Amino acid sequence: MASKEADRSVFSEAHRIVVKVGSSSLTSIKGGISEKSLTALANALASKRNAGTEIILVSSGAIAAGLAPLGLAKRPRDLATQQAAASVGQGLLMARYTHAFAAHGVTVSQVLLTAEDLMRRSQHTNAFRALNRLLNLGVVPVVNENDTVATHEIRFGDNDRLAALVAHLVRADALILLSDVDALYDGPPDLGATRIPLVTGPKDLADVSIGKPGKAGVGTGGMQTKVEAASMAAGSGIHTLVTSTPNAAAALNGEDVGTWFTVNGARKPVRLLWLAHVASVQGRLVLDDGAVRAVQHHHTSLLPAGISSVQGDFEAGDAVEIAGLDGTVVARGLVNYSAVELPRMLGRSTRDLGAELGSGYDREVVHVDDLVLV
């Protein structure tokens, strides 16, 4: 391969790597945690860590690990039982990781996050400091969503996107997404499809049928969420590989396994990455043509004067879509006013609003720092 971006030696030379492993690679409903699979993964990661590479492991599996001890025959659908299973399973999972890594003289730590934690400036700064210090001390942080208290994320989220956000947060050189499928294929792998070794951008996926996230068994993700997470990471400057868990050691050594997503964009603030790919949209602001041009081409803050209508029920600080009169979504942003406050402000200047309603109403509706084009 001619370019540096397509050179898999990036993984073997990387200073800091985030590795994500899915529930289906570590656990089963019937047998709980697979000692063999977990130990093999820990062996590969510990070997890389002892060779000088900093490793963060984003690990699913807490809910799945808690099913067997609770006598549950399948992954529960109700939130309370999922939370209970996660509470039991997270401790079991960490105990196994602690034992497996200790055999190599490597210390692990537990870090529980939600995707939303990473969009608030104070929280994501604290998360970065904690993870960075752990890495400096030679620790392998084991990150998971805080499933015991999560609500939205536990039902609709997945650790693939969380891993991409964590990789961005800690300024990782590379991201490896592991599952029970060894690569992205141009069709069903069991029907003789061909492995796709390289993805340079969205155009390479135009004719690929990826399928929907899986809901059966112990996991909640699928190849679709991995492709989305890999594209997110590659689009923000992070080399990414999608492959199977048994290929972990080969991937870490830069061997030709899995599907490589080349870097195709510059790094962005983690809050904007969250906003573009993860945030739950609560409403929509419809702009006139002039405001659309200002947002799209001049990347300016959104003012009340350019807003034609408001849709949805949202509060100040929520994520909203920003669309043109034809319904085309052009951006997402964090809104500074609620859906109740905005209607009386539409089409008016901030100067007039400040004079009539007070200084709190002379701000932008969406500040440019809280706005991302989509």
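Everything quoted here is computed from the prediction, not taken from an experiment. Just so it is clear, the values below take in all heavy atoms, side chains as well, and ignore hydrogens, waters and symmetry mates.
At a cut-off of 3.5 Å, with distance as the only test, no side-chain donor of Thr81 or Gln83 sits close to an acceptor on the other residue. With no hydrogens or angles considered, no side-chain donor-acceptor pair links Thr350 and Asp362 at under 3.5 Å. Using modelled atom types and a 3.5 Å distance limit, the side chains of Asp182 and Ser244 yield no donor-acceptor pair. Side-chain atoms of Asp352 and Ser349 form a donor-acceptor pair, as typed in the model, at a separation below 3.5 Å. Side-chain contact annotation: Tyr97 with Ser59, donor-acceptor N/O pair under 3.5 Å present. No hydrogens or angles considered: a donor-acceptor pair under 3.5 Å links the side chains of Asn43 and His104.
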Kindly list each side-chain donor-acceptor pair under 3.5 angstrom involving residues 63-73, sequence neighbours excluded, with atom names and distances?
none

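Arg171 contributes atom CZ, which lies 12.0 Å from atom NE2 of His15 (distance to the nearest 0.5 angstrom). Rounded to the nearest 0.5 Å, atoms CG (Leu198) and CH2 (Trp260) are 9.0 Å apart. Rounding to the nearest 0.5 Å gives a distance of 12.0 Å between CG of Asp370 and CG of Leu302. The distance from the NZ atom of Lys226 to the OG1 atom of Thr240 is 13.0 Å, given to the nearest 0.5 Å.
In this structure, Arg363 satisfies the cation-pi test against Tyr337, with its NZ or CZ atom closer than 6.0 Å to the six-membered ring centre and inside 45 degrees of the ring normal. Geometrically, Arg348 does not engage Tyr361 in a cation-pi contact, judged by NZ or CZ lying under 6.0 Å from the ring centre and within 45° of the ring axis.
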Side chain to side chain donor-acceptor pair (under 3.5 Å) between Gln90 and Gln110, worked out = CA-CA 9 Å; Gln90 186 64 39; Gln110 176 178 264; 3.2 Å; yes
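Not a single side chain to side chain donor-acceptor pair (under 3.5 Å) links Ser179 to another residue, sequence neighbours left out.
Between Arg49 and Glu54 there is no salt bridge, since none of the side-chain N atoms of the basic residue sits less than 4.0 Å from a carboxylate O of the acidic one. Using a 4.0 Å cut-off between charged nitrogen and carboxylate oxygen, Asp288 and Arg293 do not count as a salt-bridge pair.
Annotation for Thr53 and Arg16: closest pair CG2-N, 4.4 Å, computed over non-hydrogen atoms. For the residue pair Thr243 and Ala251, the shortest heavy atom distance occurs at CG2-CB, 4.2 Å.
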